[in-house]
Protein chains: 2
Amino acid sequence: MVGAEAVASSSGWKAVNRSAAPLTAPRRPIASEELSGRIGSALRLVRDNLVYQRRVVHAGDRIYQAGEQFGNLYIVNSGFYKVVTLSPDGREQVVALKFRGDWLGVDGIARGEYDSDVIALDTGEVWVVRYDALLDASLSERALLTELHQAMSREISRDRDSLMSLCTLSGDARVADFLRYWAESLGDRGMRTDCITLRMTRAEIGNYLGLTLESVSRALSRLAKAKVIGFAGNGRRDVQIPDIDALGAFVQRSISPAGMLQ
Amino acid sequence: MVGAEAVASSSGWKAVNRSAAPLTAPRRPIASEELSGRIGSALRLVRDNLVYQRRVVHAGDRIYQAGEQFGNLYIVNSGFYKVVTLSPDGREQVVALKFRGDWLGVDGIARGEYDSDVIALDTGEVWVVRYDALLDASLSERALLTELHQAMSREISRDRDSLMSLCTLSGDARVADFLRYWAESLGDRGMRTDCITLRMTRAEIGNYLGLTLESVSRALSRLAKAKVIGFAGNGRRDVQIPDIDALGAFVQRSISPAGMLQ
DNA sequence: CGTTTTGTTGACCCATCTCAAAGATGGTGG
DNA sequence: CCACCATCTTTGAGATGGGTCAACAAAACG
């Protein structure tokens, strides 16, 4: 338990496992919390094999920024994050959503600078790891390398799924599929799925799904009318999903020719 | 030059650098051809550090298939390839196009089986590498690992660009941007960009861009009418691109409010 | 509280899809 | 070499999903 609860340094940074020189030789860190059960192996592997920093963030905080020099990878311990890219001509695009166990920053590996912004959607904590240190450590612990590769591979597959949604589904179905995926992911990581809180505005969701905010709003209304989702009393940002499969069924229905009715 | 031009084994496989036991210990291969200039470092690194097989493929051949057990990565030496995913309910989606220097198969790392099909669009050659062998070799030659990571990182960034096109551009602009990207990529790898051959049907292009084949056809007609592209005499699959920047300008014009005219 | 941001809903319009017909293209076998 | 066929491409006309504009309701915020 030595040095587990480290001193908080400036601006929301907590150094874990550092004594004098932070972020140098890979010494075994000792983190104490509840990392039990079958939580993302990424977190466990990093905790057990790497020097890392814990950084607490709040809604709106930027984890990194497009153009910034690459050097760190981040593992999400808690909180929700959006990944946003900006085209040269000013188009802004939400390209991914991240939460517990996800890696952030791999887009920076290719060119040596990040090419997206990552912004916290609520309060949370990310673990900061130096890419170099990760590579070094992976020499002695191959599982670490495997984990990174799997994470990147998963991200590629996920992006392709998004592409398929965009290309093949109607607006309503995209919203339904979005909720389905979101709930499913939460479930995979041991969180509640029957009542989820959308951390984004309709505009942000629409941006992510290639729809206008009005279309998102209408889609949600229709899903509610079809009893596929429900709205909790509190605002319209909490969505009740009594049955995830019903969302999938809705998507299917909207694909097959005779869908829509009932 | 020993064993460089290896015996062709059954069904289009050429083993490079194998003598008795193929694909085992990483022995130094000796490949003789023209790998010069600033061609994809992937090819050079693999050639110099790994045991690999060369596989010649023809239009329509499948490199690997969704569901197949993962084990190999592939580096494209020549030819063009489409990556296709199939959803459980039967939707088919072209999610990427690949050519010289690109890696194939990284989508298989996450789950231990590939989750896409890769299909050759014409005659070409891919180099087959065992993922395990690559990891082993990367212990002694870190550049190999760096190359793999950069390739995956690039793929993630590219997928995000596609997402942005899908979400923010009109149909015509998506087609223009597609041609622009295609030509630019060819240029990056030292190929001609002023007259490119589309290896896909309108239907395939449309599938990739989230458009119907009719919309693609109309978009191409309009681009030709606007003199942004031209059609070579030979069929309508050869597209002349006198000026790549003109394509970019077309995209810009279709974004800004007062676009379209002239 | 007022002020600002976010969400909902309606009416209208347009880009893209759908359906349909006809022209190219390319391959195959006689 | 040509006739034939399957596939691909182009183009038109009409239908429609989702965008746009606008008004208002509901939260969030200080």
Side-chain angles (χ1 to χ4, degrees), chain A residues 58-60 91 121-122 165-178 197-225 229-239 251 253-261, chain B residues 58-60 91 121-122 165-176 178 197-225 229-239 250-251 253-261:
Chain A
H58 302 281
R91 284 170 289 153
L121 297 171
D122 57 358
S165 271
L166 258 305
C167 286
T168 65
L169 296 183
S170 70
D172 285 12
R174 292 213 287 278
V175 173
D177 199 52
F178 164 75
T197 300
L198 301 177
R199 265 94 180 170
M200 300 189 292
T201 65
R202 304 292 190 249
E204 287 173 310
I205 297 172
N207 181 284
Y208 181 46
L209 299 179
L211 297 169
T212 59
L213 65 97
E214 294 95 329
S215 291
V216 173
S217 180
R218 282 188 247 266
L220 288 171
S221 295
R222 280 191 282 263
L223 287 171
K225 185 146 44 183
I229 65 171
F231 283 115
N234 174 26
R236 303 262 131 10
R237 286 220 182 170
D238 287 1
V239 174
V251 174
R253 235 176 300 146
S254 74
I255 292 169
S256 48
M260 311 277 75
L261 4 147
Chain B
H58 302 280
R91 283 171 290 153
L121 296 171
D122 57 359
S165 271
L166 260 303
C167 286
T168 65
L169 297 183
S170 70
D172 285 13
R174 292 212 290 277
V175 173
F178 164 75
T197 300
L198 301 177
R199 265 91 181 171
M200 301 190 291
T201 65
R202 305 291 190 250
E204 286 173 309
I205 296 171
N207 180 283
Y208 180 47
L209 299 178
L211 297 170
T212 59
L213 65 97
E214 293 96 330
S215 291
V216 174
S217 179
R218 283 189 246 267
L220 288 171
S221 295
R222 281 189 282 263
L223 287 172
K225 186 147 43 183
I229 65 170
F231 284 115
N234 173 26
R236 304 263 130 11
R237 289 223 180 168
D238 287 0
V239 174
F250 182 93
V251 173
R253 233 176 301 147
S254 74
I255 291 169
S256 50
M260 311 276 76
L261 4 147

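Within every chain, numbering begins at 1; the chains are lettered A, B, ... in the order of the sequence lines, protein sequences first and strands thereafter.
- Nearest to the side chain of Arg218(A), among dT16(C), dT9(D), dG10(C), sits dG10(C).
- Atoms CG and OG1, on Asn207(A) and Thr212(A) in that order, are 11.0 Å from each other to the nearest 0.5 Å.
- Between Leu223(A) atom CG and dG7(C) atom P there is a gap of 16 Å when expressed in whole angstrom units.
- dT11(D) atom P lies 10 Å from atom CG of Leu220(B), rounded to whole Å.
- Atom C1' of nucleotide dC8(D) and atom CG of Asn207(B) are separated by 16 Å, given to the nearest angstrom.
- When each of Gly171(A) and Ser221(B) is assigned the nucleotide of DNA chain D bearing its nearest heavy atom, the one mapping closer to the 5' terminus is Ser221(B).
- With hydrogens and angles ignored, a donor-acceptor pair under 3.5 angstrom links the side chain of Glu214(A) to the base of dC21(D).
- Atoms CG and OG1, from Asp122(A) and Thr197(A) in turn, are 9.5 Å apart once rounded to the nearest 0.5 Å.
- Summarising the geometry, the separation between CG on Leu213(A) and P on dT20(D) is reported as 10 Å, rounded to the nearest angstrom.
- For the pair Leu198(A) CG and dG7(C) C1', the interatomic distance rounds to 12 Å; values are reported in whole Å.
- Straight-line distance from the CZ atom of Arg237(A) to the C1' atom of dC29(D): 13 Å, rounded to whole Å.
- As judged by a 4.0 angstrom heavy-atom cut-off over every strand, Gly206(B) is placed among residues making no nucleic acid contact.
- Whole-Å rounding puts the Arg174(A) CZ to dG18(D) P distance at 7 Å.
- Within the 4.0 Å cut-off from OP1 or OP2 of dT18(C), not a single side-chain nitrogen or oxygen of Thr212(B) is found.
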- Message: Checking Leu213(A) against Thr201(A) for the side-chain contact (heavy atoms from CB on, under 4.5 Å) test, could you report, in this order, the C-alpha distance in whole Å, the side-chain angles of both residues, the deciding distance, and whether it holds?
- Response: CA-CA 8 Å; Leu213(A) 65 97; Thr201(A) 65; over 6 Å; no
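- Checking dT11(D), dC17(C), dG7(C) against the side-chain heavy atoms of Ser215(B) singles out dC17(C) as nearest.
- Of the candidate nucleotides dA20(C), dT9(C), dG19(D), dG19(D) has the atom nearest to the side chain of Leu211(A).
- Each of Gly210(A) and Arg236(A) was assigned the nucleotide of DNA chain D with the nearest heavy atom; the assignment lying further toward the 5' end belongs to Gly210(A).
- Considering only side-chain atoms of Ser170(B), the nucleotide from dT8(C), dG18(D), dT16(C) that sits closest is dT16(C).
- For the pair Arg174(A) (side chain) and Gly210(A) (backbone), a donor-acceptor distance under 3.5 Å is present.
- When rounded to the nearest whole Å, the span between CE of Met200(B) and P of dT9(D) equals 11 Å.
- Contact check for Glu204(A) versus Leu198(A): no side-chain heavy atoms found under the 4.5 Å cut-off.
- In this structure, the nucleotide among dT10(D), dG19(D), dT8(C) sitting nearest to the side chain of Arg202(B) is dT10(D).
- Residue Thr201(B) is in sugar-phosphate contact alone, with no base atom involved, counting any heavy-atom pair closer than 4.0 Å across all strands shown.
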